[in-house]
Amino acid sequence: MTTEVGSEPEVKKEPEKSSEEAQAEQQQQLAEQPAEPSESEPSAAAEPQPTPTDSTKPDNTDQQENAEAEPSSPPPSSGQKKEKGISRFLPPWLKRQKSHSQVEPKESSSPTDTPNQTLTEKQEEEEKEEEEAEAAEEQVGKAPEEAEKRQEEAGPKEEGEAVSPVVEQPAETKEVKAEVKEEVKAEEVQAENNSVGSVETQPAKEEKEGTSAEKKGEKGGEEVQESSVLSPLKLGKKMKIVVCHVTLLDGTQFPCEVEKRAKGQYLFFKVCEHLNLLEKDYFGLSFKDNADQRCWLDPTKEIKRQIRNSQWQFAFNVKFYPPDPSQLTEDITRYLLCLQLRQDVSSGRLPCSFVTHALLGSYTLQAELGDYDPEEQRLDSIADFQFAPSQTKELEEKVVELHKSHRGMTPAQADVQFLENAKKLSMYGVDLHHAKDSEGVDIMLGVCANGLLIYKDRLRINRFAWPKILKISYKRSNFYIKIRPGEAEQFESTVGFKLPNHRAAKRVWKVCVEHHTFFRLTNPEQPTKSKFLTLGSKFRYSGRTQAQTRQASTLIDRPAPYFERTSSKRISRSLDGAPVISVSDHGHMLDSARTPGSGENGHDPALELSSDSKSPQVEEEAEPGKGAVAGAVPAELPFETGTDGADSSETKKGNVHLGTVSSAESRNIDQSAEDKLNSEINGQPEVIEVVEETVVIEEVVKAAKPKSSAPEVSVTVASSATEEVPEVKEEEEKSASSDSESEEEAEFHPQSPSDSAHHIQEEPEEEQEQSQKAPPTNAEPQQDAEPETTDKVEAVVNQQKEEDEKTPGEETVVAPEDAPNGHHVQDGEEALTSLGAVAEEEEELEPCVVNGDASHAETERVPQVICCSEPPVVKTEMVTISDTFAAQKTEIATKEVPIVHTETKTITYEAAQLDGTGDGEPGVLMTAQTITSESLCTTTTTHITKTLKGGLSETRIEKRIVITGDSDIDHDQALAQAIKEAKEQHPDMSVTRVVVHKETELAEDDD
Amino acid sequence: MQADFGRFTHAVIRAAPDSLAAQALRSGPAELQVDMEAVRREEEQYVSVLEKTLGLRVVRLEADEELPDCVFVEDPAVVCGNTALITRPGAPSRRKETEALKTALANLDLNIVEMTDESATLDGGDVLFTGREFFVGLSKRTNRRGAEILADTFQDYAVSTVPVLGTLHLKSFCSMAGPGLIAIGSSEAAQKALKTMQQMSDHKYDKLTVPDDLAANCIYMNLPDKGHVLLHCTPEQFPESAKVFEKLKDHMLIPVPNDEKRKVDGCLTCCSVLINKPSKLILTTSLAQISISREGLSTSTMTCSTHQQLGC
């Protein structure tokens, strides 16, 4: 991504067009929005062209009104994000000015131009879309009241951030392409917003949202952090430096300066460099999240986004315990493993018997102190060592006694002996997570090299070796594994576990994915494997597998590095003395980190843009507090080529924060749904995101507590088509990663593709068509928006269609995702059926049912979501359908997408990812646009992202349509229309993903 | 751990009381008359094999007429390494069997852990130690709580639970016949239990399937001078199963009759508690001895012995 410069004209054009469009849209909206006069004017702009669905402002009418009245808050998430970046830099008033006048051209031009230029050839259409999108954004621009409020709050923050506005831009360009992209996007967004005149408010909203999210809870925290990250990123442009404190295994602190937006791997590499560690793949950096849960720092993602509110405090830990430490090449690696295990033993995490405590302790003494010396070693000095959780004199005596027998053993030999004994312990390398089984009984899930262990108290009650596991998924706070049928069994079964919360479920899922990949696979999953990851987060382990790291270790050719042993407990000598590997390596590390980051950044920017930050986001955050929700939000960001609609923007904002830089699609879907939910809560907006390859349709229906009251339905349709995109991988990967974080649901099919075939379904095409059909909505949702009705039901339908050139024909893999939901929600089931056959097949849900917990879980979750914005009454269902071949699917039974007032359904249709290049080179972000249009009942957000990958340009359009209205609204029709419009608008593109999320708020009684 | 598996130095046995014939618990038909004379003959043969053939130091406990099942010393105690878990037998009438055993094991300088939880029951016959991990059969005699306490006692090892249906104990149809080799009966219940164990384990086990479930209960030892030793059923008792055992070429095969006690659910493993008390005295008492022994042996050997002690 070259720097900005040139394409000002394009940018300008876009805004112009947008304005025109916006006007037209507004007119339309006005016509459409008889019910809500106030809204109609401002939001009316709902652009017909850009996105199939007109998004009535999802938020309450009040919001719309406010937005209209107050120029400040543009709803589109992208806009928000962008605004954030800019806004931060600039004081509020400046921001406004910019928005109206100069800002647009400059910012938009520079960032957008470059991408546009590159992509222009094929992207003409896209550009058009973008323009439309912009228009939509402008329309959307009408920020809801919430946004304003938030803006106020955010305002200060922004200002603070804004400190170095001007300077930042140049810095950004220099730093990373990705950043540039982000900036560009942001700029664009801002410009759009500016046109709207709500720029200031938007950023504020974002920030506020972020903050609110944090406050709300873990989930919220995630979002917030991400959001904050975004801002920091911008700051990063300024080259803000943050000092990370890394606790090393010997107990010493390693302060490390990193750029604020640096990725995890940068810090990790710095630490490894400091330790002079080459076999680093077994290790990782961990941090404590807000809930004091240990999380692994994802090397491919920005640190800031991961730690959220937490301190920049990390711990260097063993992540993958080598089953046979003797195969490690270097003594220093074994030494570090020993240090970790000493910690594990002394903390009680690795339980062992008295005798083993003594034996391990004796090897520790031998390694640290050398041969037993009766004069030097006395019990009082030995007491400085922590051999066991509860250390007795008897134990110390036993340790000394055994130590005597190790005479002559070198430290390295003692380490080897230590490891040989430690590795036999049954809990060696087992990562335990609290959970409940289907009957609500407390159990522990142990993830280890060989598979998943199930413990009840201290007893192992089941074990699922990796080869036995067909699929790993999580949905909300539930974690599912699909088991390969045994010899005598005909059907695969799904076992579900209930985790304390969504984040815990996601954490287990990620750990499982990583362990499976590291220990079971020879190579990290190839793009094809991505197919397996049908839904939610497409997170994959990106590091080296054990096989690879072993192979790499054989190539290590250096004299055994000198390292100073420090008795972990008593002496805290820094390892500073240790020789540093090589500066050059450092540079590489940095570079590598940056480059990936840049690629990601490119996506990220979109995210930023997408997240225009609106009040609704806050709501989202509040909702369940689930990470999932937040996660969903981020997903949107990635998609976002451009975000539109205030409502959408809100959701997007959330997404942005949540979403990791890279993956947008999956995130978008989930996030959008979530966002929608949030938005729904607030204003019940409909958001439609159209990504080139992905189409997300979200329908949010909020029903007044009294059923009579009309529910609001938000429908988001995102359609994305990749043109010439040979490398969808990148996008997918990115999306996956991001998804993992943000998305509520995620699946992982550990096995080879062949296995996955089982899951494949063909339904997608139909859905796509339907989605397209579902037009925007004109009036679909009648937002009677009854403020009184506390009950809000949100239905979000995200349809994403992804056209992968490679994948399309050959791979039809549909992973039925969490069918369980369907069971829970009757309505949801209906919707599923209507949506597509996919749902039917996906009755895999049934197995999930086995747990029986699922239903509970849902209800539980709902409350969480509600928490933020509304009472816990709302039920949420998520159904995700993924297809490899979206193109083939022609018709989606949108009609049937029944909207359940009380429940929230999310149906995700996802086309299988293209195999393309597994590598997934980070595409170069050509352009990113977010267009938001609002109508009374619908809010349409369109993200258009153009990415240049491997010489091919890929345009992704994601539309999120949020349909908000009373129960009276024919959601199905609206959805169908939205999809239809999406298709019509982008005939050359295929719908790769359709996500339908319906939320209906019922009276508490309903539950 | 694996290296030491099957290494034993001591065996604790208890004489059969006369009350065994009439009062011992039995799952089989009560009509079967137990010939006490035959019981004692078998007992003598059993002890003879342990003591004379294999060179173990046998600790004999007096019979207690109040405890008709006291001959089955396996159930009241589980010994692994240097630790003995005094169980809480599932049959109330057998609870007092632990007392004498506890004393005997304490005298052998084992760390004694008592199962005091009133809600816990555990019969040693439900505990299968493979050398790498424990399997605990959840049967009429053993409950989950008992298994938990066992897990707490032997923290180095994974403890997996295996449902036991239709038979008295887990080891009524299986046992270890070698390192990583599980002797298993052919019944459906036995095969199912084996599958469960295989699924639950991180380790690979070979199986030795014998036609008769009861014949699958054998005693494996790995003795310094004898190598792999297997006490198994006699051809008279289970001819087909005996043929299977006889195919084991690497084992020192010793058929041991157990026909009478089988009538009261007695198996080969039931009648002894095997203990590995290696030359701890040599290692720990005096450095002088150690150095001497080192001269004679290789250092590595010494290290190994140490591991053995610690491991189990």
Side-chain angles (χ1 to χ4, degrees), chain A residues 323 345 348 350-363 372 374 388-389 394 397-398 401-402 404-409 413 417 420-430 441 446 448-451 453-465 467-468 483 486-488, chain B residues 1-3 80-83 111 113 131-136 138 143-163 188 191-192 195-204 280 283-285 287 290-291 294 299-300 302-303 305-312:
Chain A
V345 170
L350 180 58
C352 51
S353 65
F354 173 87
V355 181
T356 303
H357 275 136
L359 182 62
L360 295 178
S362 67
Y363 288 124
Y372 172 78
E394 181 186 10
E397 291 172 353
K398 185 72 177 177
E401 173 186 322
L402 292 171
K404 295 174 184 173
S405 66
H406 301 326
R407 184 174 297 277
M409 204 177 276
Q413 289 172 330
Q417 289 301 320
E420 286 303 299
N421 284 278
K423 75 174 187 186
K424 296 176 183 174
L425 297 172
S426 71
M427 300 305 289
Y428 171 82
V430 178
V441 178
C448 66
N450 295 323
L453 304 172
I454 316 298
Y455 293 92
K456 180 165 182 277
D457 295 315
R458 293 290 316 280
L459 301 177
R460 184 184 293 181
I461 59 175
N462 214 336
R463 173 178 174 273
F464 303 99
K468 286 280 288 182
I483 308 302
E487 297 174 357
Chain B
M1 301 175 188
Q2 191 85 11
C80 182
N82 204 31
T83 301
N111 298 320
V113 177
R132 302 302 303 270
E133 62 190 319
F134 283 98
F135 292 107
V136 178
L138 297 180
N143 63 20
R144 186 173 294 281
R145 182 65 189 136
E148 287 172 14
I149 294 174
L150 182 127
D152 289 335
T153 305
F154 304 105
Q155 295 192 56
D156 290 351
Y157 301 97
V159 178
S160 305
T161 54
V162 182
E188 191 175 337
Q191 291 297 320
K192 186 177 180 182
K195 279 193 173 182
T196 300
M197 291 189 284
Q198 288 174 329
Q199 182 192 330
M200 301 271 266
S201 175
D202 293 328
H203 308 290
K204 294 288 184 183
K280 179 181 179 181
L283 285 175
T284 59
T285 49
L287 289 173
I290 293 177
S291 59
R294 276 186 180 168
T299 302
S300 61
M302 291 303 299
T303 303
S305 63
T306 302
H307 285 255
Q308 291 174 2
Q309 283 183 3
L310 300 174
C312 295

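Chain letters run A, B, ... following the sequence lines, proteins first, then strands; residues in each count from 1. What you see is a predicted model, and the numbers here were worked out from it, not measured in a lab.
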> Which pair of non-hydrogen atoms, one from A/L459 and one from B/A147, has the smallest distance, and what is that distance?
Replying inline: CD2-O, 3.3 Å
> Given a strict heavy-atom distance threshold of 4.5 Å, which part of B/S201 is in contact with chain A: side chain, backbone, both, or neither?
Replying inline: backbone
> For the atom pair CD (B/E133) and NZ (A/K424), what is the distance rounded to the nearest 0.5 Å?
Replying inline: 14.0 Å
> What part of A/D457 is in contact with chain B, defined as an atom under 4.5 angstrom from a non-hydrogen atom: side chain, backbone, both or neither?
Replying inline: side chain
>> With a 4.5 angstrom heavy-atom cut-off, is it the side chain or the backbone of A/L453 that approaches chain B, or both, or neither?
In response: side chain
> Of the listed residues (A/C448, A/P351, A/S426), which shares the most heavy-atom pairs with chain B below a 4.5 Å separation?
Replying inline: A/S426
>> Tell me if the NZ atom of A/K423 is crowded by more than 12 foreign heavy atoms within 6.0 Å.
In response: yes
> Which value, rounded to the nearest 0.5 Å, describes the distance between A/K468 atom NZ and B/Q199 atom CD?
Replying inline: 5.5 Å
>> Between B/E148 and chain A, with a heavy-atom cut-off of 4.5 Å, which part of the residue counts as in contact: side chain, backbone, both or neither?
In response: both
>> For a quick test of reading the model, state the closest non-hydrogen atom pair linking A/R460 to B/M200 and the distance between them.
In response: NH1-O, 2.5 Å
>> Suppose we screen for side chain to side chain donor-acceptor pair (under 3.5 Å). Which residues come up paired with B/Q155, at least two apart in sequence or across chains?
In response: none
>> Can you list everything that forms a salt bridge (Lys or Arg N to Asp or Glu O under 4.0 Å) with B/D152? Sequence neighbours excluded, please.
In response: A/R458
> Between atom CG of B/D156 and atom NE2 of A/H357, what is the distance when rounded to the nearest 0.5 Å?
Replying inline: 8.5 Å
